[in-house]
Asker: 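Just passing along the structure, written as structure tokens.
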Amino acid sequence: MRTSRLQLLAAAGVAVASLALTACQDGTGTRDEGASASQPVASAPSGDSSQAPKESASDSGGNDSSANGSSANGSSGDAAGTGDSGGKGSSAGKGSSAGKGSASGGSDDGSSSFNPCNGSNTSVTAEPVSRPVNHMLITVENTGSQNCDLTYYPVLRFDEMQWVPQPIEDSKPQAVVTLAPGESAYAGVLLSAADGSGSGGATGKKLTVGFQGRTPNSDGGPAAIPSLPAKGVYYDSSLTVTYWQSSMDDALAY
């Protein structure tokens, strides 16, 4: 028993000596405990520091993504810039629409591109034909150096007649007849009724062929006066004329 107590006392003395030695090395036992307590804390920051790079990596990743986002925004900004340039393109479109405006404003561009056929840039002939009976064919050839347009139908006048022959509406073409230099167009004229039902018959010695402009009954320029047969041309109240046609057959089909 005594031996055991001695061993316990000896062990206690060793422990006290160890504590005293530790206190002497660290200054105070309290600081040592704090230091020893700080070790887990230090290990915690080290754990946090090990996580910190991950967070910083994610932050950097966020920065990267934000950089990407900013670059994406930049690209979208560029795209927006492209859109702006596209807008400029559309403003160019507006420029073209301005062209439309000037075209609609209008008529200035339209009128400059419209070149009517008339007595100054064509050669006109008028010849009676055997078939169909009581018909005459008017031929207009473009003798100018530019295309010209034949609108509507010829306005005919024999001698000093006071009325204008009406057009045959069924002969109206789908589009204006345009003649290149050297090309010809035609109009057919029904001079008199084959069954004699017409009235006010007369023999014309002079024929004036008038041309229309862009609108019906507008002035298309100088008229033409083609020569007629020496005996003249008989006509009556049935006198009618076709619209200008691109082919002779179409002109004589009515």
Side-chain angles (χ1 to χ4, degrees), residues 96-132 134-191 204-229 232-233 235 239-254:
S96 62
S97 67
K100 292 180 182 177
S102 62
S104 61
S107 312
D108 293 340
D109 291 345
S111 61
S112 62
S113 62
F114 173 72
N115 183 33
C117 299
N118 53 46
S120 67
N121 56 9
T122 62
S123 173
V124 182
T125 61
E127 298 178 353
V129 295
S130 57
R131 292 285 185 276
N134 302 337
H135 276 68
M136 181 173 66
L137 179 68
I138 296 176
T139 303
V140 175
E141 179 184 355
N142 182 359
T143 58
S145 58
Q146 298 179 346
N147 291 358
C148 68
D149 302 312
L150 282 169
T151 55
Y152 308 105
Y153 52 89
V155 179
L156 304 181
R157 183 183 181 187
F158 283 105
D159 300 319
E160 301 300 323
M161 65 185 297
Q162 300 300 311
W163 54 280
V164 178
Q166 294 301 300
I168 301 172
E169 291 298 333
D170 289 344
S171 67
K172 188 174 183 178
Q174 296 296 320
V176 172
V177 176
T178 299
L179 298 181
E183 291 184 341
S184 298
Y186 311 90
V189 181
L190 172 62
L191 295 169
K205 298 290 186 177
K206 176 184 176 182
L207 174 64
T208 302
V209 178
F211 299 87
Q212 301 187 58
R214 291 181 65 87
T215 58
N217 302 317
S218 62
D219 184 10
I225 304 177
S227 59
L228 294 177
V233 174
Y235 66 92
L239 181 64
T240 52
V241 62
T242 68
Y243 283 77
W244 291 113
Q245 307 291 326
S246 297
S247 81
M248 183 186 305
D249 292 340
D250 289 342
L252 295 176
Y254 300 91

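Predicted model only: the values in this text are computed from it and were never measured. These values consider heavy atoms only, across backbone and side chains, with no hydrogens, waters or symmetry-generated copies.
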Asker: Only one of Ile138, Ile168, Leu137 forms a side chain to side chain contact (heavy atoms under 4.5 Å, CB included) with Thr242, so which one is it?
Answerer: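 Among the candidates, only Ile168 passes.
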Asker: Can you confirm whether Leu150 sits close enough to Leu179 that some side-chain heavy atom of one is under 4.5 Å from a side-chain heavy atom of the other?
Answerer: yes
Asker: Can you confirm if the aromatic rings of Tyr243 and Tyr152 lie within a centre distance of less than 6.0 Å?
Answerer: no
Asker: Distance check, rounded to the nearest 0.5 Å: Met248 atom CE versus Ser184 atom OG?
Answerer: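 Answer for the CE-OG pair, Met248 versus Ser184, is 8.5 Å.
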Asker: Start with the C-alpha distance between Glu141 and Thr122, add both sets of side-chain angles, then the distance that settles side-chain contact (heavy atoms from CB on, under 4.5 Å), and finish with yes or no.
Answerer: CA-CA 5 Å; Glu141 179 184 355; Thr122 62; 6.0 Å; no
Asker: Under a 3.5 Å distance rule, please check whether Gln146 uses its side chain to pair with a backbone N or O of Gly144 as donor and acceptor.
Answerer: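 Pair absent, no side-chain N/O of Gln146 close to backbone of Gly144.
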Asker: Please examine the side chains of Leu156 and Val209, heavy atoms only from C-beta on, and report whether any two atoms are closer than 4.5 Å.
Answerer: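 Yes, their side chains come closer than 4.5 Å.
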Asker: May I ask you to test the Glu183-Asn142 pair for a side-chain heavy-atom distance under 4.5 Å?
Answerer: no
Asker: If only side-chain N and O atoms count, and only distance matters, is there a donor-acceptor pair under 3.5 Å linking Ser120 with Asn118?
Answerer: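 Yes, a side-chain donor-acceptor pair sits under 3.5 Å.
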Asker: As an exercise, state the distance from CE of Met161 to CG of Asp159, rounded to the nearest 0.5 Å.
Answerer: 9.0 Å
Asker: Does the side chain of Thr178 come under 3.5 Å of the side chain of Asn147 through a donor N or O and an acceptor N or O?
Answerer: no
Asker: Any side-chain heavy atom of Phe211 sitting closer than 4.5 Å to one from Thr151?
Answerer: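 Phe211 does not reach Thr151 side chain to side chain.
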Asker: Within this structure, what is the OG1-CG distance for the pair Thr240 and Leu190, rounded to the nearest 0.5 Å?
Answerer: 4.0 Å
Asker: How about Pro116 and Cys148: do any of their side-chain heavy atoms sit closer than 4.5 Å?
Answerer: no
Asker: Looking only at heavy atoms, what is the nearest atom pair of Gly119 and Ala224, with distance?
Answerer: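 The pair with the smallest heavy-atom distance is CA-CB, 4.3 Å.
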Asker: Could you tell me which non-hydrogen atom of Ala251 sits nearest to which non-hydrogen atom of Tyr186, and how far apart they are?
Answerer: CB-CB, 3.7 Å
Asker: Going by heavy atoms in the side chains, are Leu252 and Val129 under 4.5 Å from each other?
Answerer: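 Counting from C-beta outward, Leu252 and Val129 do come under 4.5 Å.
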Asker: Looking at side-chain heavy atoms only, is the closest gap between Gln212 and Asp219 below 4.5 Å?
Answerer: no
Asker: Quick one: are Glu160 and Arg157 in side-chain contact, heavy atoms under 4.5 Å?
Answerer: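 Yes, close enough: below the 4.5 Å cut-off.
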Asker: Specify the closest pair of heavy atoms between Gly204 and Leu228, including all atoms of both residues, with the distance to one decimal.
Answerer: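 Nearest pair, atom of Gly204 first, then Leu228: O-CD1, 3.8 Å.
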